[in-house]
Structure formats: structure tokens, C-alpha cells
Number of protein chains: 2
Amino acid sequence: MKTDEKLRAYLRRKGLKITQQRQEIAEKFLGANRHLSAEELYQSIRRTHPEVGLSTVYRTLKLLVDAGLASRRDFGDGIMRYEPCSDEGHHDHLICIRCGAIIEFENQKIEALQKEVAALKGFTVTRHRLEIYGYCEKCRSSGRSQGQQKKIRERHR
Amino acid sequence: MKTDEKLRAYLRRKGLKITQQRQEIAEKFLGANRHLSAEELYQSIRRTHPEVGLSTVYRTLKLLVDAGLASRRDFGDGIMRYEPCSDEGHHDHLICIRCGAIIEFENQKIEALQKEVAALKGFTVTRHRLEIYGYCEKCRSSGRSQGQQKKIRERHR
DNA sequence: CTTTATGCAAAAGGTTTGCAACAGT
DNA sequence: ACTGTTGCAAACCTTTTGCATAAAG
């Protein structure tokens, strides 16, 4: 079953309506395989469908998360980002604090160790998040070492 | 050098002023060895010093972060939390999505693997964050398994 | 027809900032 | 005296909501 069919199935199952907007938003979102903020997605949709509202983007994104088609990420700059959920295993992120590049990676050993640590503390894991911040290959040459905490935050203003 | 002396040193070095408020805030913050939100810290200080303003708490917290005495954490519920920076190695968090308990842990093997993964992608690591969400020992017995994404978010409203 | 969705504008809620009064150096 | 700081209120920014209108089933 392809992903946008999955959304329709979910909506039917819940007795919700399959609207133009929902389909448009889901298509644009699932098509772009990047991390998108609500605003970015909104701007992208607005170019072809100027009548779609930002609230609807937020509402649909929430639906997609509930339907298991998107996951919500928070990289600490005060903006939530969403990314399409692939069925292939969980992945984590390397984030460049200079250029903002986001690189995904997957590591079974780390996953396993996490479960181990959790078990040791009597914890049942439902999900986790791992983000590694630093300088990517391109940016590391002109490296500096202070003010790490601030870099990403700057766009908040 | 004890921590509040460190702050004074930092302020002097930067030509900033050592005020009553900064000292009070730093003391309360460094004393409570928990994760505190700005608001929590503010309420706690307000009991003994009702004249201190919330903005000053925010401003001082930022200072503490810059001085390397605090680190800022974001557990994804829209509220930034701060915790005193210890010099003893980095630690990560287990977070109960039912009762909100936050348990710290440290695991060298995971740290090492992270560096390894990063190096593989040409990345220079400056910091990272790992959070494992699930049910703590107390809460797991009455466990349920859906709606994980939403649990923590609820307090946002 | 009934029910759920939409768009807009307004509200929330955490965090930041402008400014005049104030305190440290 | 000179600068940096404070408290307050207002501004900000992302996200959510109330409501009247519109679209789906």
C-alpha cells in the first residue's frame, strides 16, 4: 500500500473526511523527503494552492503523526519539524551547528545499548531520540569552538 | 573553585556586574540539583525575594549557560529546562511519559559509539543529546501502548 | 441533511526586548 | 559619573482554538 493510500485508509477507519486539502498537504509532505517545519510546508503548498490555511497544515500534520505517517522532531530551536515515517528502522541525526545540515544515520549497536541501559533502570522504552551536534565535513575546516549552544537558536528571532 | 565563585570570575572577566539578583538566582539554581524551568526557578526565588523579575531569571540563566555553569535542555514539551553543569562526564536521560520522572544515566559505550558514527560521516562532535522515553518502573505495570507521541505534549495547553 | 473541515482572526504560552529607573564599579 | 542591569509591560513567534461558513459523506 502506498503512503497516501494509507492516509485515506486511516481517515476512513476513523470516520474522518478525505478532503482536497488533506490530500494536497499529505502529498507535498510525503513527497519532500526532508525535515519540514509547518511553516515551510505551508509556504511550499501556498505556491500552488494559495487558499490553504496554516492551521490546516498544522491540523493535517497532527493527523499524519497519529496515522503513523509522520514523526515530529524538535531540534531545540523552538520550531517543530516533521519528517515522513519510513517503515525501515529508526534513525537518528547528526546536525551541523554551522550550516544546519542534517544527516541521518542508523546504528543497531547504539539502539541495543539503549535498551540495555533502560532495562537496568527498570524502564520500558517506547521511543528515543539521539542527536549529535557538531561540524560537518565542509564546515569543520574553518572550525571554531565556542558558542555552540547558541548557533541554532539564532533563527528564533 | 566553587561554582558560584566561577560565576563571579566569569562576570569579572567579561566586565559584567555582580548584582544581588544574579547571585541569588545562581545560588538557588546551582543549589537545586534538578532540571528546572525558568518559571520554576522564578517561583522558587520569588518566595524569598518577591522583587526579582522573570526576565532577570531568563537573562541570568542565559549567562549561566554562556559561563558553562548550566546547560539548556529541551524535552519536547515546549518548555526549556536548565540543569547545573557538572564537570563529571556527560549524562543522558530516561523520561517517563506517564509520570514525567526524569532519570539520568551515563554510558561510556554509547558515547564512544556516537563518536565513531560521527567520524564515519566526517563529523566533528561538539555535543549530543540522547533521550529515551518510556514507562518507568512504577508506571510500567499499568502500562498502555498507544498515544506515545502525545503524552508529554498535553501540558502545553 | 448531518457531521466533520476549513480559514480566518484571535488566543495561548513560553521567551525576549524596549525603556526608564536603578545599582555596581 | 559611567555602564551595565533590573522590572515591567509590551512584543514576539510558533502553535492552537473558536466560530461561522463550506465541503464531504
Side-chain angles (χ1 to χ4, degrees), chain A residues 7-26 35-43 45-46 49-67 70 72-82 149-150 152-157, chain B residues 7-26 35-43 45-46 49-67 70 72-82 149-150 152-157:
Chain A
L7 173 61
R8 278 195 283 275
Y10 176 82
L11 293 175
R12 265 186 226 108
R13 184 158 13 102
K14 293 270 184 181
L16 302 175
K17 291 175 179 170
I18 298 168
T19 64
Q20 269 307 117
Q21 290 92 324
R22 281 177 182 167
Q23 296 190 92
E24 240 114 57
I25 293 170
H35 303 76
L36 289 173
S37 65
E39 185 66 32
E40 285 166 340
L41 184 53
Y42 172 57
Q43 293 303 341
I45 282 162
R46 161 180 272 257
H49 302 268
E51 73 289 355
V52 173
L54 177 56
S55 343
T56 303
V57 172
Y58 273 105
R59 289 190 272 231
T60 304
L61 245 11
K62 189 177 294 176
L63 262 160
L64 288 168
V65 170
D66 288 347
R72 183 178 168 141
R73 308 253 175 210
D74 175 353
F75 295 131
D77 62 352
I79 301 173
M80 293 297 182
R81 281 152 221 282
Y82 297 80
Q149 287 267 12
K150 281 191 297 196
I152 277 208
R153 251 265 132 167
E154 258 142 38
R155 53 153 46 225
H156 198 294
R157 120 181 358 117
Chain B
L7 174 61
R8 279 195 281 276
Y10 176 82
L11 292 175
R12 267 186 224 107
R13 183 157 14 101
K14 293 270 183 182
L16 302 175
K17 291 174 179 171
I18 298 168
T19 63
Q20 269 306 118
Q21 290 92 323
R22 281 179 181 164
Q23 295 191 93
E24 238 114 58
I25 294 171
H35 304 76
L36 290 174
S37 65
E39 185 66 33
E40 285 166 340
L41 184 53
Y42 172 56
Q43 293 303 341
I45 283 163
R46 162 180 273 258
H49 301 268
E51 73 289 354
V52 172
L54 177 56
S55 343
T56 303
V57 173
Y58 274 106
R59 289 189 272 230
T60 305
L61 245 11
K62 190 176 293 176
L63 260 159
L64 288 169
V65 169
D66 288 348
R72 183 178 168 141
R73 307 252 175 211
D74 175 353
F75 295 131
D77 62 351
I79 300 172
M80 293 296 182
R81 281 154 221 280
Y82 297 80
Q149 287 268 10
K150 281 191 296 195
I152 276 209
R153 250 270 135 166
E154 257 142 39
R155 53 151 46 225
H156 198 295
R157 114 184 5 115

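The shown structure was predicted, so the numbers you read here are calculated from the model rather than taken from an experiment. Below, chains carry the letters A, B, ... as their sequence lines are ordered, and counting in each starts from 1.
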Contact state string [nucleotides 20-25 of chain C, B base, S sugar-phosphate only, - no protein heavy atom under 4.0 Å]: ---BBS
pair A:Asp74-A:Arg72: side-chain heavy atoms closer than 4.5 Å: no
Atom-to-atom span, NE2 of B:His49 to C1' of D:dT6 - whole angstrom: 15 Å
By side chain to side chain contact (heavy atoms under 4.5 Å, CB included) - contacts of A:Gln43 (at least two apart): A:Glu39, A:Arg46
Rounded distance (Å) that lies between atom P of C:dC8 and atom OH of A:Tyr58: 16 Å
For B:Arg73, all residues meeting salt bridge (Lys or Arg N to Asp or Glu O under 4.0 Å), sequence neighbours excluded: B:Glu83
Each stem that DNA chain C is part of, given as range with range (3 or more consecutive Watson-Crick or G-U pairs, under 3.5 Å): C:1-25 with D:1-25
Length of the line joining A:Leu11:CG and D:dA23:P, which is rounded to integer Å: 18 Å
DNA chain D: 5'-proximal contact among B:Gly15 and B:Ser55 (nearest heavy atom): B:Gly15
Interatomic distance, A:Arg12 CZ vs C:dT4 C1' [rounded to whole Å]: 16 Å
Between CD1 on residue A:Ile25 and OH on residue A:Tyr42, distance to nearest 0.5 Å: 10.5 Å
Sugar-phosphate only, base, or nothing, as touched by A:Glu39 at under 4.0 Å among non-hydrogen atoms: nothing
Point-to-point distance, once rounded to the nearest 0.5 Å, from CG of A:Leu41 to CG of A:Leu54: 9.5 Å
Length of the line joining B:Lys62:NZ and D:dG4:C1', which is rounded to integer Å: 16 Å
NZ on A:Lys62 to OH on A:Tyr82, rounded to 0.5 Å: 7.5 Å
Gap between atoms CG and P, on B:Leu54 and D:dA11 respectively (whole Å): 18 Å
Integer-rounded Å distance: D:dT16 C1' and B:Asp77 CG: 16 Å
A:Arg59 (side chain) and C:dG7 (base): donor-acceptor pair under 3.5 Å: yes
Shortest side-chain distance from B:Met80, nucleotide among D:dT17, C:dT15, D:dG7: C:dT15
Nearest-0.5 Å distance, CG of residue B:Leu36 to CD1 of residue B:Ile45: 9.0 Å
Tell me which donor-acceptor pairs under 3.5 Å the side chains of residues 10-21 of chain A have, and how far apart each pair is, sequence neighbours excluded?
| from | atom 1 | to | atom 2 | distance (Å) |
| --- | --- | --- | --- | --- |
| A:Thr19 | OG1 | A:Arg22 | N | 3.2 |
| A:Gln20 | NE2 | A:Glu24 | OE2 | 3.4 |

Distance in angstrom units between A:Lys14 NZ and D:dG25 P, rounded: 17 Å
With sequence neighbours excluded, residues passing side-chain hydrogen bond (donor to acceptor under 3.5 Å, both in side chains) with B:Thr56: none
